[in-house]
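One structure is given here, and the rest of the page talks about it.
Sequential numbering from 1 along the given sequence is applied to the chain's residues.
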Amino acid sequence: MTGFFAAKVTDLPPGQTLKFRFVREGIRREGFLANFNATIVAYENVCRHVPVTLDYGDNRFFEKSGNYFICQTHGAIYEPLTGLCVRGPCGGASLKKIEFELRGGEIWILEEALAV
(Lines give C-alpha, C1' and ligand atoms only; values in the text may rest on other atoms or scores of the structure.)
Protein backbone atom coordinates (compact mmCIF):
# COMPACT_ATOMS: atom_id res chain seq x y z
CA MET A 1 0.00 0.00 0.00
CA THR A 2 1.47 3.36 -0.98
CA GLY A 3 -0.72 5.54 1.23
CA PHE A 4 -1.44 9.22 0.81
CA PHE A 5 0.12 12.52 1.80
CA ALA A 6 -1.50 14.06 4.90
CA ALA A 7 0.73 16.96 5.94
CA LYS A 8 4.24 18.29 6.26
CA VAL A 9 5.77 17.69 9.67
CA THR A 10 6.34 21.46 9.91
CA ASP A 11 2.56 21.95 9.57
CA LEU A 12 2.05 20.04 12.82
CA PRO A 13 3.95 21.78 15.65
CA PRO A 14 3.90 20.31 19.18
CA GLY A 15 0.43 20.38 20.75
CA GLN A 16 -1.34 20.63 17.39
CA THR A 17 -3.71 18.22 15.65
CA LEU A 18 -4.90 17.75 12.09
CA LYS A 19 -7.88 15.72 10.85
CA PHE A 20 -8.08 13.72 7.63
CA ARG A 21 -10.45 11.30 5.96
CA PHE A 22 -9.62 7.80 4.77
CA VAL A 23 -11.18 4.44 3.91
CA ARG A 24 -10.65 1.28 5.98
CA GLU A 25 -12.47 -1.98 5.30
CA GLY A 26 -14.50 -0.17 2.64
CA ILE A 27 -15.89 2.34 5.16
CA ARG A 28 -15.30 6.10 5.11
CA ARG A 29 -13.64 7.18 8.34
CA GLU A 30 -12.04 10.19 9.97
CA GLY A 31 -8.63 10.18 11.57
CA PHE A 32 -6.38 12.67 13.26
CA LEU A 33 -2.69 13.34 13.52
CA ALA A 34 -1.26 14.86 16.67
CA ASN A 35 2.14 16.11 17.69
CA PHE A 36 2.64 15.20 21.33
CA ASN A 37 5.98 16.40 22.71
CA ALA A 38 7.62 16.17 19.26
CA THR A 39 6.21 12.68 18.60
CA ILE A 40 3.67 12.28 15.79
CA VAL A 41 0.76 9.89 16.39
CA ALA A 42 -2.31 9.00 14.32
CA TYR A 43 -5.63 7.56 15.47
CA GLU A 44 -9.13 6.99 14.20
CA ASN A 45 -11.36 9.79 15.49
CA VAL A 46 -13.81 7.55 17.37
CA CYS A 47 -14.29 7.28 21.12
CA ARG A 48 -14.01 3.72 22.44
CA HIS A 49 -17.03 4.13 24.74
CA VAL A 50 -19.68 5.14 22.20
CA PRO A 51 -18.85 5.57 18.50
CA VAL A 52 -18.79 9.38 18.36
CA THR A 53 -15.90 11.65 17.37
CA LEU A 54 -13.59 12.78 20.14
CA ASP A 55 -13.82 16.39 19.03
CA TYR A 56 -16.95 18.36 18.23
CA GLY A 57 -15.74 18.98 14.69
CA ASP A 58 -13.43 21.71 15.98
CA ASN A 59 -10.14 19.77 15.70
CA ARG A 60 -9.57 20.01 19.48
CA PHE A 61 -8.34 16.71 20.90
CA PHE A 62 -6.07 17.71 23.79
CA GLU A 63 -7.51 18.53 27.20
CA LYS A 64 -6.45 21.78 28.92
CA SER A 65 -3.06 20.59 30.20
CA GLY A 66 -2.10 19.24 26.78
CA ASN A 67 -1.03 15.93 28.34
CA TYR A 68 -4.00 13.81 27.23
CA PHE A 69 -6.62 13.49 24.52
CA ILE A 70 -10.19 13.92 25.71
CA CYS A 71 -13.55 12.83 24.32
CA GLN A 72 -15.58 16.02 24.46
CA THR A 73 -18.83 14.04 24.72
CA HIS A 74 -18.17 11.94 27.84
CA GLY A 75 -14.82 13.12 29.14
CA ALA A 76 -12.89 9.90 28.50
CA ILE A 77 -9.14 10.58 28.86
CA TYR A 78 -6.61 8.93 26.52
CA GLU A 79 -2.83 8.71 26.75
CA PRO A 80 -1.49 10.24 23.50
CA LEU A 81 1.44 7.90 22.84
CA THR A 82 -0.51 4.65 23.32
CA GLY A 83 -4.14 5.69 22.80
CA LEU A 84 -5.05 3.90 26.04
CA CYS A 85 -8.10 5.20 27.90
CA VAL A 86 -6.76 5.92 31.37
CA ARG A 87 -9.88 7.52 32.86
CA GLY A 88 -13.56 7.48 31.99
CA PRO A 89 -16.24 5.10 30.76
CA CYS A 90 -13.96 3.19 28.38
CA GLY A 91 -11.10 2.56 30.83
CA GLY A 92 -8.64 0.02 29.45
CA ALA A 93 -9.76 0.33 25.80
CA SER A 94 -7.50 2.02 23.26
CA LEU A 95 -8.03 4.31 20.32
CA LYS A 96 -7.50 2.59 16.96
CA LYS A 97 -4.06 3.44 15.61
CA ILE A 98 -3.55 4.49 12.03
CA GLU A 99 -0.28 3.48 10.45
CA PHE A 100 1.78 6.23 8.86
CA GLU A 101 5.32 6.92 7.85
CA LEU A 102 7.55 9.94 7.55
CA ARG A 103 8.94 10.53 4.08
CA GLY A 104 11.37 13.41 3.77
CA GLY A 105 9.56 15.69 6.22
CA GLU A 106 6.10 14.60 5.06
CA ILE A 107 3.52 12.48 6.87
CA TRP A 108 2.01 9.72 4.72
CA ILE A 109 -1.03 7.78 5.93
CA LEU A 110 -0.83 4.09 5.07
CA GLU A 111 -4.54 3.68 4.41
CA GLU A 112 -6.70 4.19 1.37
CA ALA A 113 -7.39 7.84 0.62
CA LEU A 114 -10.95 9.06 0.57
CA ALA A 115 -11.76 10.06 -3.01
CA VAL A 116 -12.75 13.70 -3.21
Side-chain angles (χ1 to χ4, degrees):
M1 179 180 304
T2 59
F4 65 92
F5 170 79
K8 292 181 181 180
V9 172
T10 55
D11 294 335
L12 197 64
Q16 297 297 307
T17 57
L18 176 71
K19 295 194 301 186
F20 59 90
R21 296 193 181 278
F22 67 102
V23 175
R24 181 185 281 167
E25 300 170 347
I27 299 171
R28 295 172 181 235
R29 301 174 192 264
E30 183 174 86
F32 70 98
L33 290 163
N35 184 332
F36 178 69
N37 294 334
T39 299
I40 306 293
V41 295
Y43 295 104
E44 193 170 326
N45 186 12
V46 177
C47 182
R48 298 297 288 159
H49 173 228
V50 175
V52 297
T53 59
L54 295 176
D55 67 330
Y56 282 147
D58 58 6
N59 198 40
R60 291 179 15 198
F61 293 90
F62 285 104
E63 44 78 71
K64 288 184 182 187
S65 76
N67 292 319
Y68 298 95
F69 298 138
I70 186 168
C71 175
Q72 293 184 36
T73 300
H74 354 82
I77 301 291
Y78 296 91
E79 200 284 319
L81 296 179
T82 64
L84 179 67
C85 180
V86 294
R87 190 168 60 241
C90 53
S94 293
L95 296 173
K96 293 181 181 179
K97 288 186 178 185
I98 296 173
E99 297 299 320
F100 68 92
E101 65 183 24
L102 300 177
R103 299 179 188 170
E106 297 178 338
I107 304 166
W108 284 72
I109 304 300
L110 303 179
E111 297 280 351
E112 184 180 342
L114 181 63
V116 185

ask   = Where the side chain of T53 meets the backbone of N45, is there a donor-acceptor pair that is under 3.5 Å apart?
value = no
ask   = Is there a donor-acceptor pair closer than 3.5 Å between any side-chain N or O of E63 and the backbone N or O of G66?
value = yes
Do [X] and [Y] land in one hydrophobic cluster if side-chain heavy atoms of ILVMFWY residues count as linked below 4.5 Å?
{"X": "F22", "Y": "I40", "result": "yes"}
{"X": "L12", "Y": "W108", "result": "no"}
{"X": "L33", "Y": "F61", "result": "no"}

I'd like to check [X] versus [Y] (side-chain heavy atoms, cut-off strictly below 4.5 Å). Are they in contact?
{"X": "D11", "Y": "L18", "result": "no"}
{"X": "R29", "Y": "I98", "result": "no"}
{"X": "Y56", "Y": "T73", "result": "yes"}
{"X": "C85", "Y": "R48", "result": "no"}

With sequence neighbours excluded, residues passing side-chain contact (heavy atoms from CB on, under 4.5 Å) with P14 = N35
request  = Might you work through the side chain to side chain contact (heavy atoms under 4.5 Å, CB included) test for L54 and Y43, ending with a clear yes or no?
outcome  = CA-CA 11 Å; L54 295 176; Y43 295 104; over 6 Å; no
key: Ion pair R24/E44, N-O distance below 4.0 Å   = yes
Check ion pair K8-E106 (N to O, under 4.0 angstrom) = no
ask   = Between CD of E111 and CZ of R21, what distance do you get to the nearest 0.5 Å?
value = 15.0 Å
request  = Any chance you could measure T39, atom OG1, to L81, atom CG, to the nearest 0.5 Å?
outcome  = 5.5 Å
remark   = In short, ring pair (Phe, Tyr, Trp, His ring centres under 6.0 Å) pairs touching residues 78-104 with sequence neighbours left out are none
query = Under the side chain to side chain contact (heavy atoms under 4.5 Å, CB included) criterion, do I107 and F20 qualify, and how do the steps go?
reply = CA-CA 12 Å; I107 304 166; F20 59 90; over 6 Å; no
Steps toward side chain to side chain contact (heavy atoms under 4.5 Å, CB included) verdict (C71, H49) = CA-CA 9 Å; C71 175; H49 173 228; over 6 Å; no
ask   = Can you say whether the rings of F36 and F62 are parallel (under 30°), tilted (30 to 60°) or perpendicular (over 60°)?
value = parallel
